[in-house]
Amino acid sequence: MPTAPGHFSALASKISRHRARRLPGRRWLARAVVAVVVRDDPGLGPCVLLMRRAKRSGDPWSGHMSFPGGRLSSDDPSGFHAAIREAMEETGLALREDEYVGRLSDVMTRRHERPVPMLVTPYVFKLEREATWLLNHEAVETIWVPLSYLAEHGNRENLRWRVGPLNLRLPSYVYEGRTIWGLTLLMLKELIRLYRQAGQST
């Protein structure tokens, strides 16, 4: 999908006006957040930040591509502040409050240590400066993925994933050798939809 001039600002405006879905009963569920950081690349247009998680025993998402994020702490004033904290802890990126754009819809997953529901809220930030990285033990690398690549249907692939006796074929993208799928792709779908809509308005 070609990127028109003004697409990045149109996307940020679209996100700021977006009415994200808030799941009921959220105050009684385990809560986690992710920081969805977008920037405008002169050659690639709007891009989103992903990180590759370190391989760790007992982590079901070990080695996967994800957004910076994690569980809310009792010290976090809000989910928004938790997203800023998690981005700093995992990648060294010091997001500012004035870079916040808006939020995407809540999604449900399960907690690492036991199969009980956990609600994840994505908070979107617009980065218009150079990023400085200082990865902690949870992250191996960071990469900017063009939204134009994810918006192109021809780039979607099927990932084979075995769950017990079931052999599943799950949607995924492979960008520069890195597979994007699962919970991360579920959250990206909403961002991709907003990206397409912003492109239609430029």
Side-chain angles (χ1 to χ4, degrees), residues 1-23 26 32-52 64-69 78-84 86-87 91 93-109 119-131 133 142-157 170-176 178-202:
M1 175 181 292
T3 300
H7 199 156
F8 182 66
S9 58
L11 173 62
S13 177
K14 193 78 177 176
I15 295 169
S16 69
R17 301 192 309 272
H18 178 55
R19 296 183 65 180
R21 183 181 69 254
R22 293 174 182 263
L23 295 179
R26 61 206 319 265
V33 298
V34 297
V36 180
V37 185
V38 293
R39 74 164 188 181
D40 196 22
D41 183 281
L44 300 174
C47 295
V48 62
L49 173 69
L50 294 180
M51 68 178 214
R52 182 160 58 91
H64 291 188
M65 301 302 296
S66 74
F67 299 108
S78 67
F80 160 71
H81 290 92
I84 291 177
E86 285 287 342
T91 71
L93 177 61
L95 293 169
R96 302 194 304 258
E97 292 192 14
D98 63 353
E99 292 172 328
Y100 175 65
V101 178
R103 58 187 296 279
L104 302 178
S105 297
D106 294 333
V107 297
M108 292 292 291
T109 183
L119 184 146
V120 183
T121 304
Y123 292 88
V124 186
F125 298 83
K126 179 176 68 172
L127 197 67
E128 296 181 299
R129 54 188 169 89
E130 289 298 318
W133 308 114
T142 58
I143 184 172
W144 292 101
V145 180
L147 289 176
S148 59
Y149 180 88
L150 299 172
E152 186 61 53
H153 288 292
N155 292 328
R156 179 169 285 203
E157 302 183 17
L170 303 174
S172 67
Y173 289 88
V174 179
Y175 181 72
E176 295 187 351
R178 300 159 180 87
T179 302
I180 304 165
W181 70 293
L183 182 65
T184 299
L185 182 54
L186 180 63
M187 290 183 279
L188 278 170
K189 283 176 63 176
E190 188 171 29
L191 182 63
I192 294 167
R193 177 168 57 83
L194 295 172
Y195 167 82
R196 290 194 178 110
Q197 293 173 356
Q200 294 168 2
S201 65
T202 55

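Excluded from the calculations below are hydrogen atoms, water molecules and symmetry mates; all remaining heavy atoms, backbone and side chain alike, are included. All values reported here derive from a predicted model rather than from experimental measurement.
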Margin query: Between V36 and M187, is the side-chain contact (heavy atoms from CB on, under 4.5 Å) condition met? List the steps.
Written below: CA-CA 9 Å; V36 180; M187 290 183 279; 5.9 Å; no
Margin query: Check this for me, if you would: do E190 and R21 make a salt bridge, where the nitrogen-to-carboxylate-oxygen distance has to be below 4.0 angstrom?
Written below: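 No, this pair does not count.
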Quick check: do [X] and [Y] have side-chain heavy atoms less than 4.5 Å from each other?
X: Y175; Y: I143; answer: yes
X: L11; Y: L147; answer: yes
X: L23; Y: M108; answer: yes
X: E128; Y: E99; answer: no
X: Q197; Y: H18; answer: no
X: T184; Y: M65; answer: no
X: L191; Y: V38; answer: yes

Residue pair [X] / [Y]: nearest heavy atoms and the distance that separates them:
X: L50; Y: I180; answer: CD1-CD1, 3.7 Å
X: L44; Y: S148; answer: O-OG, 3.9 Å
X: G199; Y: H7; answer: N-NE2, 3.3 Å
X: G69; Y: E86; answer: O-OE1, 3.2 Å
X: R129; Y: A94; answer: NH2-O, 2.7 Å
X: A35; Y: A83; answer: CB-O, 3.8 Å

What distance separates [X] [atom1] from [Y] [atom2], expressed to the nearest 0.5 Å?
X: S105; Y: R22; atom1: OG; atom2: CZ; result: 10.0 Å
X: L49; Y: T91; atom1: CG; atom2: OG1; result: 6.5 Å
X: F67; Y: Y123; atom1: CZ; atom2: OH; result: 14.5 Å
X: L93; Y: M51; atom1: CG; atom2: CE; result: 12.0 Å
X: I15; Y: R103; atom1: CD1; atom2: CZ; result: 13.0 Å
X: Y173; Y: N155; atom1: OH; atom2: CG; result: 7.0 Å

For the backbone of [Y] and the side chain of [X], can you confirm whether one donor and one acceptor N or O come within less than 3.5 Å of each other?
X: S16; Y: S13; value: yes
X: R196; Y: A151; value: yes
X: D40; Y: F8; value: no
X: S172; Y: W181; value: no

Margin query: Pair V37, W144 - check side-chain contact (heavy atoms from CB on, under 4.5 Å), show working.
Written below: CA-CA 9 Å; V37 185; W144 292 101; 3.9 Å; yes
Next item on the list: Please say whether more than 12 non-hydrogen atoms of neighbouring residues, nucleotides or ligands are located less than 6.0 Å from CZ in R17.
Entry: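 More than 12 within 6.0 Å, yes.
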Notebook entry, point to check: So F125 and F80, would you call those rings parallel, tilted or perpendicular, with 30° and 60° as cut-offs?
Noted result: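 The rings of F125 and F80 lie parallel, inter-plane angle below 30°.
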